K.L.:
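Quick one: this structure, given as structure tokens, is what I'll be asking you about.
One-based numbering, in listed order, for ligands and for the atoms of each. These figures come from a predicted structure and were not determined experimentally. Worth knowing before you read on, the calculation uses all heavy atoms, side chains too, and leaves out hydrogens, waters and symmetry mates. Nothing fancy with the numbering, it's 1 onward along the sequence.
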Amino acid sequence: MLVRLRKGLAPDQIETVLALCRELGYAPRFLGAERQMLELEGAGRPSHRSLLEDLAGVVEVLATGDARELHQADPRTSATQVRAAEARFGAGAISLIAGPCAVEDEQALLHIARGVRARGATLLRGGAYKPRTSPYSFQGLGRPALEMLARVRAEVGIGVVTEVLDTRDVEAVAEVADMIQIGARSMASSPLLLEVGRTMKPVLLKRGFGATVRELLMAAEFLLSTGNDQVVLCERGVRSFDDCTRNLLDVGAVAFLARETHLPVIVDPSHSAGRSDLVRALARSGMAAGADGLIIEVHPRPEQTHSDGQQAISLCELGRIRRDIEALAALGEARLVIPADHATPTEPALPAGDAP
Ligand code: PEP
Ligand code: MN
């Protein structure tokens, strides 16, 4: 491991760094007469990079070698595959998550669940607890929505992804969810990350809209530190100076994460686009950048919803995206995992209002 120190450190500041290095079990040695680059020899541990970076005298930790953090790809081991119900993410498997932004009406949810499953989705999304910018906006139906998700899950045989906002709801959400979502606004909440990690359920961790990739990875590290390795990262767009899309889809981050971590990464083109007519193009770009799946908001009657109706796509459009994914997956030598009984896609008749 290499540690770069600040220029002009006083001898006692240098001694503080050296003392920590020795305490962590390393034999430190300066490279060059400037005493700025320190080489550490010895077996590293995942926590060492952060411990060293916390010292005021340290600028950065480079070439971590054996001190690999838990999220980091290791050439000696294979990529992690996350499994939730019928879905598989990573290590050559691509899965599609689709459904409404929020759970609002059980009949509509049932219809959407059947429709998305018929179009290759292996997980149904739908929020019971909604993180809204305004306290006056619809906040989700809470427990009754969890019960609706449980009934629809049993009826349709599709796994469920739903968000938890509060540590007090983790147990109830874990009972229903096949995968627990931690949303962009909660990404940095370490108590929530730890509580969700400890359920040992698969976790969908969304990047905060103002978070760096390093911050996302440290949030993943909280989850992984509980011993739960079933973590899927999700790029959903970040704030930018421009407003032609709701958020700026960071495809560079997707390519980076696919290379630098062993965890699967998926893309949310819905919250990046913020409008239904751009979702398909962003979905394609995410897959082309190396994503292991997509999470997409779908609603046949978007005008009737209380959250994110403007970005919900029709079931028909989801069918087109599914075909795009299959074509792009082949380029990356991956495959779309589809529901077992839908090996041959069937397209149920479109209900009135589900405009193509
Ligand atoms: C959502 O998935 O509906 C959601 C609120 O997403 P995000 O946390 O990415 O804003
Ligand atoms: Mn939404």
Side-chain angles (χ1 to χ4, degrees), residues 84 96-105 108-109 112 116 121 123-135 137-142 145-146 149 159-166 169 173 177-189 192-193 196 202-213 215-216 219-220 223 231-240 245-250 253-254 257 265-276 278-279 282-283 286 291 293-313 318:
L96 180 57
I97 307 172
C101 178
V103 173
E104 298 187 56
D105 173 271
L109 186 67
I112 295 168
V116 300
L123 289 169
L124 173 70
R125 61 148 293 144
Y129 299 97
K130 293 308 302 175
R132 302 306 296 277
T133 304
S134 164
S137 302
F138 173 61
Q139 306 292 313
L141 299 177
L146 288 181
L149 281 168
V160 159
V161 184
T162 194
E163 176 164 358
V164 67
L165 290 169
D166 189 318
D169 298 318
V173 168
D178 296 279
M179 177 177 260
I180 303 177
Q181 178 172 324
I182 295 184
R185 289 160 191 78
S186 308
M187 187 209 82
S189 170
L192 186 66
L193 293 164
V196 169
V203 184
L204 177 60
L205 176 63
K206 300 186 89 175
R207 178 183 179 186
F209 39 74
T212 63
V213 168
E215 287 163 342
L216 169 66
L223 292 166
V231 177
V232 176
L233 306 172
C234 178
E235 164 58 33
R236 46 78 76 207
V238 291
R239 281 263 161 85
S240 89
T245 56
R246 184 175 179 187
N247 292 286
L248 181 70
L249 181 63
D250 186 355
V254 177
L257 291 167
V265 52
I266 69 168
V267 161
D268 174 348
S270 306
H271 290 85
S272 334
R275 44 186 272 188
S276 56
L278 299 183
V279 168
L282 295 195
L294 296 170
I295 178 166
I296 302 181
E297 289 188 347
V298 173
H299 206 292
R301 295 186 186 278
E303 68 288 350
Q304 290 177 1
T305 64
H306 290 93
S307 72
D308 289 349
Q310 69 290 350
Q311 66 197 31
I313 60 164
L318 185 70

K.L.:
Checking Q139 side chain against S137 main chain: does a donor-acceptor pair fall under 3.5 Å?
P.N.:
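Yes, the answer is positive, given that a donor and an acceptor are paired below the 3.5 Å cut-off.
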
K.L.:
Only heavy atoms of G183, strictly under 4.0 Å: list the atoms of ligand 1 that pass.
P.N.:
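So the answer, numbered in order with elements, is 8 (O).
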
K.L.:
Say whether, by atom type as modelled, one donor and one acceptor occur between the side chain of S186 and the main chain of S189 under 3.5 angstrom.
P.N.:
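Side chain of S186 to backbone of S189, a donor-acceptor pair under 3.5 Å: no, none is there.
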
K.L.:
Is a donor on one side and an acceptor on the other found under 3.5 Å between the side chain of D178 and the backbone of V161?
P.N.:
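No, because the side chain of D178 does not come within donor-acceptor range (under 3.5 Å) of the backbone of V161.
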
K.L.:
Listing residue and atom name, which protein N/O/S atoms are closer to the Mn ion (ligand 2) than 2.8 Å?
P.N.:
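You should have found C101 SG, H271 NE2, E297 OE2, D308 OD2.
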
K.L.:
Identify which one of I182, L193, L233 satisfies the side chain to side chain contact (heavy atoms under 4.5 Å, CB included) criterion when paired with V203.
P.N.:
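Testing each of I182, L193, L233 against V203, the sole residue satisfying side chain to side chain contact (heavy atoms under 4.5 Å, CB included) is I182.
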
K.L.:
Do any N/O atoms on D268 end up under 3.5 angstrom from N/O atoms on ligand 1?
P.N.:
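Checking ligand 1 against D268, no N or O pair falls under 3.5 Å apart.
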
K.L.:
Please name the residue in the list K130, R132, R236, R246 that meets the salt bridge (Lys or Arg N to Asp or Glu O under 4.0 Å) test with D308.
P.N.:
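Looking at K130, R132, R236, R246, the match for D308 under the salt bridge (Lys or Arg N to Asp or Glu O under 4.0 Å) is R246.
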
K.L.:
Is a side-chain donor or acceptor of T305 paired with a backbone partner of P302 at a separation under 3.5 angstrom?
P.N.:
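Yes: the side chain of T305 pairs with the backbone of P302.
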
K.L.:
Taking side chain as C-beta onward, heavy atoms only, is L146 less than 4.5 Å from D169?
P.N.:
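Result no, sub-4.5 Å side-chain heavy-atom pair not found.
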
K.L.:
Considering distance alone, does some N or O of H271 sit under 3.5 Å from an N or O of ligand 1?
P.N.:
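Min N/O separation from ligand 1 is below 3.5 Å for H271.
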
K.L.:
Identify, by atom number and element, the atoms of ligand 1 in contact range of C101, meaning under 4.0 Å from any of its heavy atoms.
P.N.:
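What qualifies from ligand 1 is 3 (O).
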
K.L.:
Got an N/O contact under 3.5 Å between A184 and ligand 1?
P.N.:
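Between A184 and ligand 1, an N or O pair is found under 3.5 Å apart.
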
K.L.:
If we only count heavy atoms from C-beta on, is the E235 to K206 side-chain gap below 4.5 Å?
P.N.:
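No. Closest side-chain heavy atoms not under 4.5 Å.
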
K.L.:
Would you say the side chains of H299 and Q304 form a donor-acceptor pair under 3.5 Å?
P.N.:
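Per modelled atom types, H299 and Q304 side chains form no pair under 3.5 Å.
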
K.L.:
What protein heavy atom is closest to atom 9 (O) of ligand 1, reported as residue, atom name and distance in Å?
P.N.:
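Ranking protein heavy atoms by distance from atom 9 (O) of ligand 1, first comes R236 NE, 2.6 Å.
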
K.L.:
Measure the distance from atom 6 (O) of ligand 1 to every protein heavy atom, then report the residue, atom name and distance (to 0.1 Å) of the closest one.
P.N.:
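That would be K206 NZ, 2.9 Å.
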
K.L.:
Under 3.5 Å, side chain of T162 to main-chain N/O of G126, donor-acceptor pair present?
P.N.:
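Indeed, once roles are kept as given, a pair shorter than 3.5 Å links the two residues.
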
K.L.:
Regarding ligand 1, does D308 bring an N or O atom to under 3.5 Å of one of the ligand's N or O atoms?
P.N.:
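Between D308 and ligand 1, no N or O pair is found under 3.5 Å apart.
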
K.L.:
Determine yes or no for a side-chain-to-main-chain donor-acceptor pair under 3.5 angstrom, with R125 supplying the side chain and C101 the backbone.
P.N.:
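Such a contact is found between R125 side chain and C101 backbone.
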
K.L.:
If we ignore hydrogens and angles and just use 3.5 Å, is the side chain of E163 paired with the main-chain N or O of Y129 as donor and acceptor?
P.N.:
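No, because the side chain of E163 does not come within donor-acceptor range (under 3.5 Å) of the backbone of Y129.
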
K.L.:
Of all the non-hydrogen atoms in the protein, which one sits nearest to atom 5 (C) of ligand 1, and at what distance?
P.N.:
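Ranked first by proximity to atom 5 (C) of ligand 1 is P131 CG, 3.8 Å.
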
K.L.:
Would Q181 count as a contact of ligand 1 if the rule is a heavy atom under 4.0 Å away?
P.N.:
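So Q181 counts as touching ligand 1.
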
K.L.:
Non-hydrogen atoms of G127 versus ligand 1: any pair closer than 4.0 Å?
P.N.:
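No.
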
K.L.:
For ligand 1, indicate whether the residue S186 contacts it via side chain, backbone, both or neither (heavy-atom separation under 4.0 Å).
P.N.:
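Looking at S186 and ligand 1, no heavy atom falls under 4.0 Å.
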
